[in-house]
2 protein chains.
Amino acid sequence: MNRLPTYRRALENLLASGRAVVSSHELAAEVEVTPSQLRKDLSCFGTFGTAGVGYDVRDLVSRLDEILGICKKRPVLLVGVGNLGLALLNRRPIQRSGFEIVAACDTSPSKVGRVIAGVRCYSLEETPAVLAAIKISIAMLAVPPDTAQETADFLVKNGIRALVNFSPLRLRVDKGVLLEQVDFGYTLQKVAYYLDAMEEQQ
Amino acid sequence: MNRLPTYRRALENLLASGRAVVSSHELAAEVEVTPSQLRKDLSCFGTFGTAGVGYDVRDLVSRLDEILGICKKRPVLLVGVGNLGLALLNRRPIQRSGFEIVAACDTSPSKVGRVIAGVRCYSLEETPAVLAAIKISIAMLAVPPDTAQETADFLVKNGIRALVNFSPLRLRVDKGVLLEQVDFGYTLQKVAYYLDAMEEQQ
DNA sequence: TCATGTGAAGCACTTCACAGCA
DNA sequence: TGCTGTGAAGTGCTTCACATGA
């Protein structure tokens with residue numbers, strides 16, 4: 001299931017380049033997995049291709065969207081409009097992935113009330129009302145580490161069901177709330193490790 | 001091995017809160033793995049703890065640093081000083097993880113020549129000389145998707161051995177070059193999927 | 001006694017190989 | 001013939017349970 005997003009992205013790119021049909025071999029090469037893996041992965045969720053031909057690109061994308069729960073764009077709340085928050089606001093890939101940042105919030109008076117990249121920024125006090133008005137389940141946390149936990153608690157209390165946390169602190173949330181950690185440090189450390197391993201081989 | 005960075009982060013936080021010794025049970029709870037898992041993971045790389053007591057926090061951090069190849073801070077090149085690039089420049093977690101952005105580059109004349117968050121921004125033409133002067137192996141690619149591939153090729157030609165790519169495009173690099181993909185869209189899609197799965201359960 | 005390090009068992013994931021359909 | 005979908009074999013990862021050492 002962790003690979004479904006990568007399949008979807010590759011299919012999207014194929015669609016953009018005018019491709020209508022693709023075989024498991026071609027798509028698998030694109031995302032660097034084996035063809036069997038790809039077929040097995042898909043078979044968990046149903047049957048998608050036609051034997052002897054391959055997969056209809058457009059059809060498979062929309063079937064994946066169904067599985068991933070992004071047939072309709074899902075609204076997302078952005079919490080913290082600092083450097084990282086700004087970067088997230090301006091990223092089209094988030095839109096292309098089936099999501100839309102529909103509201104932002106921040107504590108800084110210089111941000112509150114402004115409309116940034118088409119998105120209104122609210123104060124923390126206003127946020128519960130916003131969450132009540134639009135049904136938002138997902139929040140992206142781009143706030144400093146020292147306020148991350150209390151902010152998370154506040155959001156959960158006001159109806160947020162899933163958090164994507166960009167601060168390097170491991171948050172505590174009660175189960176029933178989804179927490180996903182994004183940490184650039186981890187990525188770099190992984191890279192450093194494999195780089196050394198490669199060099200030792202030669 | 002993918003879990004080592006999370007162990008290190010947890011140990012760092014323990015150290016900050018004045019903890020000197022920790023058992024596999026406590027540390028495992030912190031990062032949400034089983035104690036056996038943690039011990040087995042560590043045992044791949046040697047023997048670290050003392051039976052009956054636990055692990056010396058400070059010692060284990062530095063042993064992990066050794067394994068991960070970050071005893072000394074590793075220099076990193078930032079490519080693209082847009083919103084995301086700025087966010088990365090201003091993140092302490094990258095420093096805390098054992099890395100340091102020592103140079104940046106960009107095509108925009110408004111960026112080139114400036115010093116941003118203590119880091120000088122070079123033009124693409126100047127970059128090979130910079131890479132030759134300081135030995136940098138790792139680059140973070142925060143450029144628009146349409147120039148990502150050619151920029152990557154250029155960097156590899158000039159000595160970069162590992163790329164962390166933030167654009168949603170899957171880059172082609174010859175083997176021998178390490179490529180790590182960071183995609184916020186994937187994270188959100190994963191969250192959306194598990195959120196739906198949770199709701200169906202109840 | 002308490003907690004680590006580790007072979008052995010158990011489980012999950014990946015690859016193989018082929019039946020079945022266009 | 002070509003490619004999908006899938007049981008079966010193979011591989012790797014996780015957990016268990018205990019011997020060892022402080």
Side-chain angles (χ1 to χ4, degrees), chain A residues 1-8 10-11 14-15 19-64 66-68 175 181 186 189-190 193-194 197 201, chain B residues 1-8 10-11 14-15 19-64 66-68 175 181 186 189-190 193-194 197 201:
Chain A
M1 182 276 139
N2 286 312
R3 281 183 293 269
L4 259 44
T6 69
Y7 298 157
R8 187 186 178 278
L11 287 164
L14 284 171
L15 202 60
R19 196 63 179 283
V21 172
V22 69
S23 74
S24 65
H25 287 261
E26 292 169 295
L27 185 52
E30 204 67 29
V31 298
E32 284 165 322
V33 298
T34 61
S36 345
Q37 173 109 237
L38 173 59
R39 293 201 302 274
K40 175 77 71 175
D41 285 347
L42 293 178
S43 78
C44 295
F45 299 99
T47 150
F48 302 88
T50 45
V53 182
Y55 301 94
D56 182 289
V57 178
R58 187 181 300 274
D59 177 58
L60 188 48
V61 170
S62 66
R63 301 278 302 268
L64 287 178
E66 222 169 288
I67 295 164
L68 293 167
K175 61 197 198 79
Q181 191 72 27
Y186 292 173
Q189 288 176 356
K190 231 165 88 176
Y193 175 82
Y194 286 117
Q201 267 187 355
Chain B
M1 183 274 139
N2 286 311
R3 282 183 292 269
L4 259 44
T6 69
Y7 297 157
R8 186 185 178 280
L11 287 165
L14 283 171
L15 202 59
R19 196 66 178 282
V21 171
V22 69
S23 74
S24 64
H25 287 262
E26 292 167 294
L27 184 52
E30 205 67 28
V31 298
E32 283 166 322
V33 299
T34 62
S36 344
Q37 174 109 234
L38 172 60
R39 293 202 301 273
K40 175 77 70 176
D41 285 347
L42 293 179
S43 78
C44 296
F45 299 99
T47 150
F48 302 90
T50 44
V53 182
Y55 301 95
D56 182 289
V57 178
R58 186 181 302 272
D59 177 59
L60 189 47
V61 170
S62 66
R63 301 279 301 267
L64 288 177
E66 219 170 291
I67 296 164
L68 292 168
K175 61 196 196 79
Q181 192 72 26
Y186 293 173
Q189 288 176 357
K190 231 164 87 176
Y193 175 81
Y194 286 117
Q201 267 186 355

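Source: prediction; values computed, not measured. Residue numbering restarts at 1 for every chain, and letters A, B, ... go by the order of the sequence lines. The figures here come from the full heavy-atom set of this structure, side chains too, leaving out hydrogens, waters and symmetry mates.
The structure places CG of A/Leu38 at 5.0 Å from CG of A/Leu27, a figure rounded to the nearest 0.5 Å. For the atom pair OH (B/Tyr193) and CG (A/Asn2), the distance works out to 9.5 Å, reported to the nearest 0.5 Å. Note: B/Phe45 CZ to B/Leu64 CG = 9.0 Å, rounded to the nearest 0.5 Å.
Considering only residues two or more places apart in sequence or on other chains, B/Val31 meets the side chain to side chain contact (heavy atoms under 4.5 Å, CB included) condition with B/Thr6, B/Tyr7, B/Ala10, B/Val33. Residues satisfying the side chain to side chain contact (heavy atoms under 4.5 Å, CB included) test with A/Thr47, not counting sequence neighbours, are none. With sequence neighbours excluded, the residues forming a salt bridge (charged side-chain N to carboxylate O under 4.0 Å, His left out) with A/Glu26 are A/Arg19, listed by chain and number.
Whole-Å rounding puts the A/Leu38 CG to C/dC13 C1' distance at 15 Å. In this structure, CG of A/Leu42 is placed 16 Å from P of C/dC13, rounded to the nearest angstrom. Taking atom NE2 of A/His25 as the reference point, atom P of C/dA17 lies 14 Å away to the nearest angstrom. Distance, B/Tyr7 OH to C/dT4 P: 13 Å, rounded to whole Å. Distance B/Phe48 CZ to C/dG5 P: 8 Å, rounded to the nearest Å. The interatomic distance linking B/Leu27 (CG) with C/dT4 (C1') rounds to 13 Å, in whole Å.
Screening residues 53-63 of chain A for salt bridge (Lys or Arg N to Asp or Glu O under 4.0 Å), with sequence neighbours left out, gives no hits. For residues 43-55 of chain B, there are no salt bridge (Lys or Arg N to Asp or Glu O under 4.0 Å) pairs, not counting sequence neighbours. The list of salt bridge (Lys or Arg N to Asp or Glu O under 4.0 Å) pairs with a residue in residues 28-43 of chain B, not counting sequence neighbours, reads A/Arg170-B/Glu32, A/Arg172-B/Glu30, B/Arg3-B/Asp41.
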### Query
With the sugar-phosphate defined as primed atoms, P, OP1 and OP2, and the base as all remaining atoms, what B/S/- string results for nucleotides 8-17 of chain D, 5' to 3', for protein heavy atoms under 4.0 Å?
B-----SBBB
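One finds no side-chain N or O of A/Thr50 lying less than 4.0 angstrom from the OP1 or OP2 phosphate oxygen of C/dA22.
Picking from C/dT4, D/dT4, C/dG5 the nucleotide with the shortest atom distance to the side chain of B/Thr47 gives C/dG5.
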### side chain to side chain contact (heavy atoms under 4.5 Å, CB included) evaluation trace for A/Tyr55 with A/Leu11
CA-CA 10 Å; A/Tyr55 301 94; A/Leu11 287 164; 6.0 Å; no
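An end-to-end axis angle of 10° holds for the helix from C/dT1-D/dA22 to C/dA22-D/dT1, taken from five base pairs per end and rounded to 10°.
Near-neighbour residues of DNA chain D inside residues 51-61 of chain A, defined by a heavy atom below 4.0 Å, number-ordered: A/Ala51, A/Gly52, A/Val53, A/Gly54, A/Tyr55.
The side-chain contact (heavy atoms from CB on, under 4.5 Å) test with A/Val21 is passed by exactly one of A/Leu60, A/Val57, A/Val53: A/Val53.
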